[in-house]
Amino acid sequence: MLDINYIRQNPEEVLKMLHKRQLASEEPKVAQLLDFDRERKVLVQRSDDLKALRNKVSKEIADIKKSGIGSSEELILQMKSVSEEIAGMNGLLGNLEEQIEKILLELPNKLHPSVPVGRSADDNQIFKDSVSFPYNLDFPVKNHLELGKSLGILDFERGAKVCGAGFPVYMGKGARLERALINFMLDCHTERHGYTEVFPPFLVNQESLRGTGQWPKFADQVYHIEEDDLYAIPTAEVPVTNLHRGEMVDANALPISYAAYSACFRREAGSYGKDTRGFLRVHQFNKVEMVKFTRPEESYKALETIRENAEAILTALKIPYRVLLLCSGDISANATKCYDIEVWSPAEQKYLEASSCSNFEDYQARRANIRFKPESNAKPEFVHTLNGSGLATSRLMVSLLEHYQTPAGSVMVPEVLRHYTRFDEITQTTE
RNA sequence: GGAGAGGUGGCCGAGCGGCUGAAGGCACCGGUUUGCUAAACCGACGUAGUUCUUAUAGGGCUACCGAGGGUUCGAAUCCCUCCCUCUCCGCCA
């Protein structure tokens, strides 16, 4: 969330940001917030005055009782009514603070000056266009669904039977290939890019969702297990960023870089009918996520590093891709700046999002209260948090299967994965 | 699921209902001493809100001892609920 001091001092900046984000409906909230804030201040002052009086008189009462001189009856009676008055104010104050908190949690993050202004996904800027690798697909290409079915490596029907639509099953060499991808990506980030591997819980509590900003905004997109009041993670970002929630991290340890595999669960409520075929939109998918905690002055450099780390995976796999710089109307509410990496699908003849790399500055750190001391005796400051998919396997698998198919209908395994799969090709005779 | 113990500042740890924002120790910071380092000694040392002043600093007031309620003139301290950690028993993977 934003610093309330920043909003007090720069309300017009906040309004400008909302305008750029195409969130006109949110604009009245700023004035409302400032109204509540002023009201709160008046109430706090009056309540603090009463508390000061009560503290002072309570000490007098103590003195009277100790010395045994005089009577405290009258004072106690007075303080009783003062306490009642304070209690009344606390009720009002609690209400106000709840509303202030609510608005603060809902307001989106600032935008970095380099973010292009635009209305929708159509206005995203191409940061890096068509990074390609040589392929000979001069034959009728099959799409990933056809390949998955003919090779017996993907089973959407049975997935739907055991769970529901959007829960794909990988079989045989398909399962092995998926696992190879995950292992390759994790090894790459830990051994070559300097990340520490984390295997996080796949269920989290509500505080964690709130810490990274999925709560309250995306409450309806997250699977909720009522019995234990836990939520299935939509991304490893949630448990991994929250590892340091409420902590004072050691300044010398910064930047902290974590790479984590997790399954990701998304309800995708309201998006039925859009890109629903096969892997294009699923409720459960696998992803390796990179998370960084940095000093504020280093976060934008770290964002480029994360993007490069994600690109390195595609380069190694020789998967064609491009990088977009998201515009103000398309970027998520939590991020100040975000790159999307999209992989090419020869069958769909379009780019598919496989990674998002974002800087959140102190937006998540403030929610999750993650601080550090810049100097040993200095005041604590919020760290900056960032993350990027490195990468999600589902769309990656689409592009991989389609690019590596042969005229005979088999799929070759990318060079760098063979060490993990221990087979070179997936043919129809797969077990 | 049952029984017990406990959650206090960056860390460890003491704390009788009023004199406790909190002893003591460690770490960090400033200084003295010292050939360097270390040690020793001295000093400073939480966060947030608000207000005042002789206002790049200092003072006052308020809140914060796992979270939320309650009792009380007054709660770190007593009571209740919840969360977490540890130990033991039971059950299960």
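A note on names: the letters A, B, ... follow the listed sequences, proteins ahead of strands, and every chain is numbered from 1.
- For the P atoms, the distance from B:C78 to B:C89 is 30 Å, rounded to whole Å.
- Pair assignment for B:A23: none, as no Watson-Crick or G-U wobble contacts are both less than 3.5 Å.
- Atom P of nucleotide B:C82 and atom CG of A:D229 are separated by 15 Å, given to the nearest angstrom.
- For A:R8, the CZ atom sits in a packed shell: over 12 heavy atoms of surrounding residues, nucleotides or ligands are nearer than 6.0 Å.
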Would you tabulate the pairs of protein nitrogen or oxygen atoms and nucleotide nitrogen or oxygen atoms of nucleotides 25-31 of chain B closer than 3.5 angstrom?
{"unit_1": "B:C28", "atom_1": "O2'", "unit_2": "A:S376", "atom_2": "OG", "d": "2.7"}
{"unit_1": "B:C28", "atom_1": "O2", "unit_2": "A:N377", "atom_2": "OD1", "d": "3.4"}

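- B:G21 sits 10 Å from B:A63 when the P atoms are compared, rounded to a whole Å.
- Regarding A:E84, its CD atom lies at a distance of 10 Å from the P atom of B:C73, rounded to whole Å.
- Figure legend. B:U34 is base-paired to no nucleotide; pairs are counted as Watson-Crick or G-U wobble with both atom distances under 3.5 Å.
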Please tabulate, one pair per line, each protein N/O and nucleotide N/O from nucleotides 46-50 of chain B that are separated by under 3.5 Å, including the distance.
{"unit_1": "B:U50", "atom_1": "O3'", "unit_2": "A:Q45", "atom_2": "NE2", "d": "3.2"}

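- Spacing between atom CD1 of A:I76 and atom C1' of B:U72 amounts to 10 Å, rounded to whole angstrom units.
- In this structure, A:F360 has no ring-ring contact (aromatic ring centres under 6.0 Å, His included) partners at least two apart in sequence or on a different chain.
- Residue pairs meeting the side chain to side chain donor-acceptor pair (under 3.5 Å) criterion with at least one member in residues 54-65 of chain A, sequence neighbours excluded: A:R54-A:S83.
- Residues passing the side-chain hydrogen bond (donor to acceptor under 3.5 Å, both in side chains) test with A:Q405, sequence neighbours excluded: none.
- Under the rule for a ring-ring contact (aromatic ring centres under 6.0 Å, His included), A:F36 has no partner lying at least two apart in sequence or in another chain.
- In summary, of the residues considered (A:D187, A:L181, A:I182), a side-chain contact (heavy atoms from CB on, under 4.5 Å) with A:Y420 occurs for A:D187 alone.
- Across the protein-nucleic acid pair, A:D49 atom CG and B:G60 atom P stand 17 Å apart, rounded to whole Å.
- For B:G58, the paired nucleotide is B:C52, the pair qualifying as Watson-Crick or G-U wobble because both relevant distances are below 3.5 Å.
- Remark: B:C88 base-pairs with B:G2. Criterion, Watson-Crick or G-U wobble with two distances under 3.5 Å.
- No donor-acceptor contact under 3.5 angstrom links the side chains of A:E197 and A:T190, judged on distance only.
- Regarding contacts with the backbone of B:U62, every side-chain N or O of A:S47 stays at 4.0 angstrom or more from both OP1 and OP2.
- Under the Watson-Crick or G-U wobble criterion, with both distances below 3.5 Å, B:G43 is paired with B:C29.
- Across the P atoms, B:A75 and B:G17 are found 14 Å apart, a figure rounded to whole Å.
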- [ ] Would you sort out whether A:E425 and A:T427 count as a side-chain hydrogen bond (donor to acceptor under 3.5 Å, both in side chains), showing the intermediate values?
- [x] CA-CA 6 Å; A:E425 186 176 7; A:T427 60; over 6 Å; no

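- For the P atom pair drawn from B:A3 and B:G25, the interatomic distance equals 42 Å after rounding to whole Å.
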Validation: residues 234-247 of chain A side-chain donor-acceptor distances under 3.5 Å, sequence neighbours left out:
{"unit_1": "A:T235", "atom_1": "OG1", "unit_2": "A:E237", "atom_2": "N", "d": "2.9"}
{"unit_1": "A:T235", "atom_1": "OG1", "unit_2": "A:K287", "atom_2": "NZ", "d": "2.8"}
{"unit_1": "A:E237", "atom_1": "OE1", "unit_2": "A:N387", "atom_2": "ND2", "d": "3.3"}
{"unit_1": "A:E237", "atom_1": "OE2", "unit_2": "A:Q364", "atom_2": "NE2", "d": "2.8"}
{"unit_1": "A:E237", "atom_1": "OE2", "unit_2": "A:N387", "atom_2": "ND2", "d": "3.3"}
{"unit_1": "A:T241", "atom_1": "OG1", "unit_2": "A:E237", "atom_2": "O", "d": "2.7"}
{"unit_1": "A:N242", "atom_1": "OD1", "unit_2": "A:R245", "atom_2": "NE", "d": "2.8"}
{"unit_1": "A:N242", "atom_1": "ND2", "unit_2": "A:S208", "atom_2": "O", "d": "2.8"}
{"unit_1": "A:N242", "atom_1": "ND2", "unit_2": "A:V238", "atom_2": "O", "d": "2.8"}
{"unit_1": "A:H244", "atom_1": "ND1", "unit_2": "A:E247", "atom_2": "OE1", "d": "2.8"}
{"unit_1": "A:H244", "atom_1": "NE2", "unit_2": "A:Y258", "atom_2": "OH", "d": "2.8"}
{"unit_1": "A:R245", "atom_1": "NH2", "unit_2": "A:S208", "atom_2": "OG", "d": "2.8"}

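- A salt bridge between A:E84 and A:K80 is absent, with no side-chain N of the basic residue lying under 4.0 Å from a carboxylate O of the acidic one.
- Between the NZ atom of A:K56 and the P atom of B:G60 there is a distance of 16 Å, rounded to whole Å.
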What donor-acceptor contacts under 3.5 angstrom involve side-chain atoms of residues 145-153 of chain A, with partners at least two apart or in another chain?
{"unit_1": "A:E146", "atom_1": "OE1", "unit_2": "A:N143", "atom_2": "N", "d": "2.8"}
{"unit_1": "A:S150", "atom_1": "OG", "unit_2": "A:E146", "atom_2": "O", "d": "3.0"}
{"unit_1": "A:S150", "atom_1": "OG", "unit_2": "A:L147", "atom_2": "O", "d": "3.3"}

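- Within the 4.5 Å cutoff, no side-chain heavy atoms of A:L400 are placed close to those of A:H144.
- Nucleotides B:G1 and B:U62 have their C1' atoms positioned 45 Å apart, rounded to a whole Å.
- Here A:D250 lies out of heavy-atom contact (under 4.0 Å) with every strand.
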Task: Trace of the side-chain hydrogen bond (donor to acceptor under 3.5 Å, both in side chains) decision for A:T336 with A:N109 - done: CA-CA 6 Å; A:T336 58; A:N109 203 351; 5.0 Å; no

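- Under the ring-ring contact (aromatic ring centres under 6.0 Å, His included) criterion, A:Y6 pairs with no residue at all, not counting sequence neighbours.
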Open item on the list: Base contacts versus sugar-phosphate-only contacts with protein, heavy atoms under 4.0 Å: please encode nucleotides 15-21 of chain B as B, S and - from 5' to 3'.
Closed with: ---B---

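- Nucleotides B:G43 and B:U47, compared at atom C1', are 23 Å apart to the nearest Å.
- Rounded to whole Å, the separation between the C1' atoms of B:U77 and B:G7 comes to 15 Å.
- B:G6 sits 14 Å from B:G13 when the P atoms are compared, rounded to a whole Å.
- At least one side-chain heavy atom of A:R371 sits less than 4.5 Å from a side-chain heavy atom of A:N369.
- Between A:N55 and B:U62 there is a side-chain N or O to OP1 or OP2 distance below 4.0 Å.
- Rounded to whole Å, atom P of B:C73 lies 12 Å from atom CG of A:L75.
- Here A:R54 does not reach the OP1 or OP2 of B:C73: none of its side-chain N or O atoms lies under 4.0 Å away.
- Across all strands shown, B:C16 forms no Watson-Crick or G-U wobble pair with both key distances under 3.5 Å.
- Every residue two or more places apart in sequence or in another chain that forms a side-chain hydrogen bond (donor to acceptor under 3.5 Å, both in side chains) with A:R38 is listed here: A:D35.
- Checking B:C82 for Watson-Crick or G-U wobble geometry (two distances, each under 3.5 Å) identifies B:G66 as its partner.
- Of all the residues in residues 202-213 of chain A, not one reaches under 4.0 Å from RNA chain B with any non-hydrogen atom.
- Put simply, CG on A:D228 is 11 Å from P on B:C83, counting in whole angstrom units.
- The partner of B:U72, taking Watson-Crick or G-U wobble pairs whose two distances both stay under 3.5 Å, does not exist in any strand shown.
- Annotation: of the two residues near RNA chain B, A:M79 and A:A52, the 5′-most nearest-nucleotide partner is A:A52.
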